[in-house]
**Student:** 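For reference, the structure I am asking about is given below.
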Amino acid sequence: MRSRNRQTIRDSHAEAALFNRRVGFAMFVVVVVFSVLLYNMYTLQVVQHESFQTRSNDNRIRVVPIAPNRGLIYDRNGILLAENRPVLSLEITPERVQNLEDTLQRLQQLLDLDDESVSDFYTAQKRERRFRSVIFLDSLNEEQIARFAVRQHEFPGVSLEARLVRHYPYADALTHALGYVAKINRNDVIELREQGVQANYAATRTIGKLGVEGFYEEQLHGTVGYQQVEVDIHGRMLRTLSIEPPIPGQDLYLEIDLPLQLKVDELLGDQRGSIIVMDPRDGGILAMVSKPSYNPNWFAQGISVAQYQSLLQSRHSPLLNRTTQGGYPPASTIKPQLAIVGLEEQIITPETKIWDPGWFQIKGVDHRYRDWLSWGHGWVNVTDAIVESCDTFYYDLALKLGIDTISEHMTQYGFGEYTGIDIAEETAAVMPSRGWKRARFNQPWYAGETVSIGIGQSYWTSTPMQLAVATSVVANRGQRPVPRLLGEIGDGDIRLPAVVEERPPVILNNPENWEIARDAMTKVVTSIKGTARTAFKDATYTSAGKTGTAQVIGIAQDAEYDAESIAEEYRDNAMYVGYAPHDNPEIVIVLAVENAGGGGSVAAPLARKVMDFYFSQVNTLANNR
């Protein structure tokens with residue numbers, strides 16, 4: 001019989017055991033996984049709670065800087081010279097604008113803007129995130145505000161925002177003293193980073209560039225504030241959590257007397273040059289005008305390329321601060337100081353006389369150095385030489401002194417050095433010597449150059465501010481002040497006086513030599529032969545001074561100077577230095593008027609008008625007390 005295959009009966013016990021093992025393994029895995037999850041939850045929620053809470057707050061809470069209000073600038077009378085004005089700026093948030101290019105084109109057409117505004121916006125946009133607003137137009141005028149306001153609904157993502165901008169009420173009358181603020185550029189950022197103060201400018205858009213604004217930037221700027229704001233995942237602000245207000249900058253009170261400053265500016269008019277009025281007792285600058293000037297509000301509100309190019313390309317150099325950067329031959333204005341040097345070195349005495357035929361010659365040289373008075377002054381001593389401004393006397397004196405002796409002494413009066421005035425725009429000009437010429441030109445010094453130095457010509461140049469210091473030294477009988485614009489710093493309700501500095505005084509072996517020079521300078525405005533007598537005739541106050549006429553180009557030996565026959569830029573500069581009253585000086589005045597003619601005929605009459613105005617103010621104040 002064929003046997004049948006028998007089927008195996010299922011082993012339920014084995015299957016149950018296998019199932020139980022699998023379930024057990026699965027449960028083990030679940031327990032392990034949940035244990036890991038629980039451990040991680042414990043670690044996150046307990047162990048690392050503070051760390052992750054900080055990270056969460058960093059994502060949820062943002063610290064936004066708040067710019068401080070810039071300190072104000074006043075004159076000595078409390079008249080506001082630099083203020084912060086509220087303006088409306090047009091700002092665009094790119095994230096909320098569907099078609100940015102079309103929006104910019106329509107805004108440009110609506111507000112009559114040039115292509116530069118659009119290109120500037122694109123440049124600024126690259127530095128900001130899309131959800132941050134970017135300034136499209138710094139300051140809108142009333143017409144632009146009205147045009148945009150009626151059509152604002154057509155420009156989603158574009159808004160008018162209020163902010164403060166620097167404004168100078170007296171415009172170009174104070175530019176070279178106050179300076180200006182302008183937008184922070186790449187170089188400014190680098191400098192701020194090097195100084196370690198970049199964080200303090202986190203919300204600031206402008207910075208002091210020149211003048212008082214630049215020199216006292218730290219005091220004027222203030223301290224940045226902060227506000228904590230809650231933001232969404234895109235960085236948009238939802239609400240303000242806390243605010244740490246900024247600390248405003250300190251206010252500055254200058255020595256500038258605004259009425260005097262405006263009068264000086266008016267008197268100089270359209271002429272190129274500089275006028276300085278300084279208190280010789282402490283160096284306070286009462287007036288400081290440089291012409292031509294420019295409107296600092298152009299820079300504060302955002303200067304256009306066309307405006308800036310017009311300043312750069314002007315042949316009259318309005319950007320140059322002539323009071324501290326203008327290098328003029330000092331001409332005869334330095335004759336009092338040079339006379340003192342001759343007396344101190346005992347090259348001359350008060351009684352020394354020379355014969356002036358109208359010219360001077362170096363022995364063995366054919367060239368004649370002409371006096372301004374062609375027929376000469378006759379016999380002159382040191383006082384006559386200052387009063388009549390005799391060139392021949394000083395040709396002879398300079399040659400006997402020698403250039404190195406002259407340079408050594410004149411450096412003590414501040415020539416060839418920075419005066420230390422509290423603005424950065426200053427040049428040391430040139431007080432030449434043998435060593436200077438060798439280093440500059442690799443050439444020897446010639447005797448003929450020393451002769452020209454005797455009347456403040458040749459390589460010798462001076463700034464009007466240096467002349468103010470040198471004149472103050474004579475007026476003060478040796479004390480040498482440091483010029484300064486700052487009078488006081490406002491700290492809340494308290495006004496702290498500025499530090500008054502002095503340089504080492506000029507000490508003479510014979511102090512009587514001061515009186516010889518001062519007496520001669522007084523006779524310049526009082527003697528019948530004085531070169532400034534006509535200008536100061538019948539003045540109600542006493543004064544002393546010295547005229548100067550500086551040659552800009554040389555005149556041939558056999559030629560006569562004729563202003564009408566040469567181009568204006570080659571005509572003589574008119575110079576004047578003086579102080580008043582002559583016994584106890586309150587003011588020193590320096591004028592340099594470019595290509596205007598003689599010091600006695602042009603500069604001295606201007607100086608008289610300035611002094612008249614100053615003393616009329618003094619008398620008015622005295623009568624009102």
Side-chain angles (χ1 to χ4, degrees), residues 267-276 289-292 315-317 320 322-323 326-336 338 358-360 367-377 385-395 398 429-430 448-449 451-464 466-467 471 524 530-535 545-578 589-608:
L267 290 172
L268 192 53
D270 295 330
Q271 299 179 96
R272 297 185 305 278
S274 167
I275 300 179
I276 297 170
V289 171
S290 173
K291 289 287 194 81
R315 66 188 183 92
H316 298 311
S317 304
L320 179 71
R322 284 165 164 80
T323 59
Y328 300 96
S332 297
T333 60
I334 47 79
K335 286 178 178 177
L338 198 57
W359 47 267
F360 175 81
H367 182 81
R368 287 185 173 184
Y369 297 86
R370 293 177 294 189
D371 193 286
W372 69 269
L373 190 63
S374 59
W375 55 87
H377 298 270
I386 295 174
V387 174
E388 302 175 41
S389 199
C390 176
D391 294 336
T392 303
F393 185 94
Y394 282 93
Y395 291 146
V430 176
E449 294 167 337
V451 172
S452 295
I453 286 292
I455 60 168
Q457 297 280 169
S458 185
Y459 296 107
W460 192 352
T461 61
S462 171
T463 66
Q466 288 174 330
L467 285 173
T471 305
V524 167
T531 55
R533 178 180 179 275
T534 301
K546 184 69 193 78
T547 58
T549 303
Q551 286 186 339
V552 177
I553 58 170
I555 304 298
Q557 181 76 59
D558 56 350
E560 292 292 333
Y561 174 78
D562 181 12
E564 299 299 326
S565 65
I566 61 177
E568 182 185 358
E569 62 264 31
Y570 300 128
R571 297 173 187 171
D572 293 344
N573 295 334
M575 314 284 289
Y576 186 82
V577 301
I589 185 168
V590 173
L591 294 93
V593 189
E594 297 177 12
N595 316 122
S601 60
V602 176
L606 275 177
R608 165 69 186 273

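Starting from 1, each residue takes its place in the sequence as its number. All values below were derived from every heavy atom in this structure, side-chain atoms included, with hydrogens, water molecules and symmetry-related copies excluded.
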**Student:** With no hydrogens and no angle check, is any side-chain donor or acceptor of Glu449 less than 3.5 Å from a backbone partner on Tyr459?
**Tutor:** no
**Student:** Looking at Ala429 and Gln466, what are the two nearest heavy atoms and their distance?
**Tutor:**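 Scanning both residues, the minimum pair turns out to be CB-OE1, 3.5 Å.
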**Student:** Output the distance between atom OG1 (Thr471) and atom CD1 (Ile334), rounded to the nearest 0.5 Å.
**Tutor:** 10.5 Å
**Student:** Using atom types as modelled and distance alone, determine if a side-chain donor or acceptor of Arg322 lies under 3.5 Å from a backbone N or O of Ser274.
**Tutor:**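 Such a contact is absent between Arg322 side chain and Ser274 backbone.
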**Student:** When rounded to the nearest 0.5 angstrom, what is the spacing between OH in Tyr576 and CD1 in Ile589?
**Tutor:**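 Reported to 0.5 Å precision, the distance equals 8.0 Å.
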**Student:** Minimum heavy-atom separation for Gly600 and Ala604, please, with both atom names.
**Tutor:**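 What the structure gives for the nearest pair is O-CB, 3.7 Å.
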**Student:** Given 3.5 Å as the limit, does a donor-acceptor pair link the side chain of Asp371 with the main chain of Gly376, or not?
**Tutor:**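 Checked: no pair found.
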**Student:** Nearest heavy-atom pair of Arg272 and Pro292: which atoms, and what distance?
**Tutor:**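 Nearest heavy atoms, Arg272 then Pro292: CG-CD, 3.9 Å.
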**Student:** Which heavy atom in Val590 sits nearest to a heavy atom in Pro464, and how many Å separate them?
**Tutor:**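 Reported closest heavy-atom pair: CG1-O, 3.7 Å.
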**Student:** Whether the side chain of Lys291 engages the backbone of Gly269 through a donor-acceptor N/O pair (distance < 3.5 Å, no angle test) should be reported.
**Tutor:** yes
**Student:** Would you check if the side chain of Asp572 reaches a backbone N or O of Thr549 as a donor-acceptor pair within less than 3.5 Å?
**Tutor:** no
**Student:** Any side-chain heavy atom of Thr392 within less than 4.5 Å of one from His377?
**Tutor:**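 Side-chain contact under 4.5 Å: no.
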**Student:** What pair of heavy atoms forms the shortest contact from Val593 to Leu268, and how long is it?
**Tutor:** CG2-CD1, 4.3 Å
**Student:** For Ser389 and Thr531, test the side chains for any donor-to-acceptor distance below 3.5 angstrom and give the result as yes or no.
**Tutor:** no
**Student:** Looking at Asn573 and Ala550, would you say the former's side chain and the latter's main chain have a donor-acceptor pair under 3.5 Å?
**Tutor:** no
**Student:** Can you find a heavy atom in the side chain of Tyr394 that is under 4.5 Å from one in the side chain of Leu338?
**Tutor:** yes
**Student:** Enter the distance from Leu467:CG to Thr333:OG1 here, rounded to the nearest 0.5 Å.
**Tutor:**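 Interatomic distance, Leu467 CG to Thr333 OG1, rounded to 0.5 Å: 4.5 Å.
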**Student:** Has the side chain of Thr461 got a donor or acceptor atom that lies under 3.5 Å from a matching backbone atom of Val430?
**Tutor:**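 Yes, Thr461 side chain to Val430 backbone: donor-acceptor pair under 3.5 Å.
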**Student:** With a 3.5 Å distance limit and no angle check, can you tell me whether Tyr395 reaches the backbone of Ile455 through a side-chain donor-acceptor pair?
**Tutor:**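 Judged by distance alone, no pair lies under 3.5 Å.
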**Student:** So, do Ser332 and Asp391 sit near enough that their side-chain heavy atoms are less than 4.5 Å apart?
**Tutor:** yes
**Student:** Atom OG of Ser462 and atom CE of Met575: how far apart are they, to the nearest 0.5 Å?
**Tutor:**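 Reported to 0.5 Å precision, the distance equals 7.0 Å.
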**Student:** Give me the atom names and distance for the closest heavy-atom approach of Pro605 to Ala535.
**Tutor:**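 That closest heavy-atom pairing would be N-CB, 3.7 Å.
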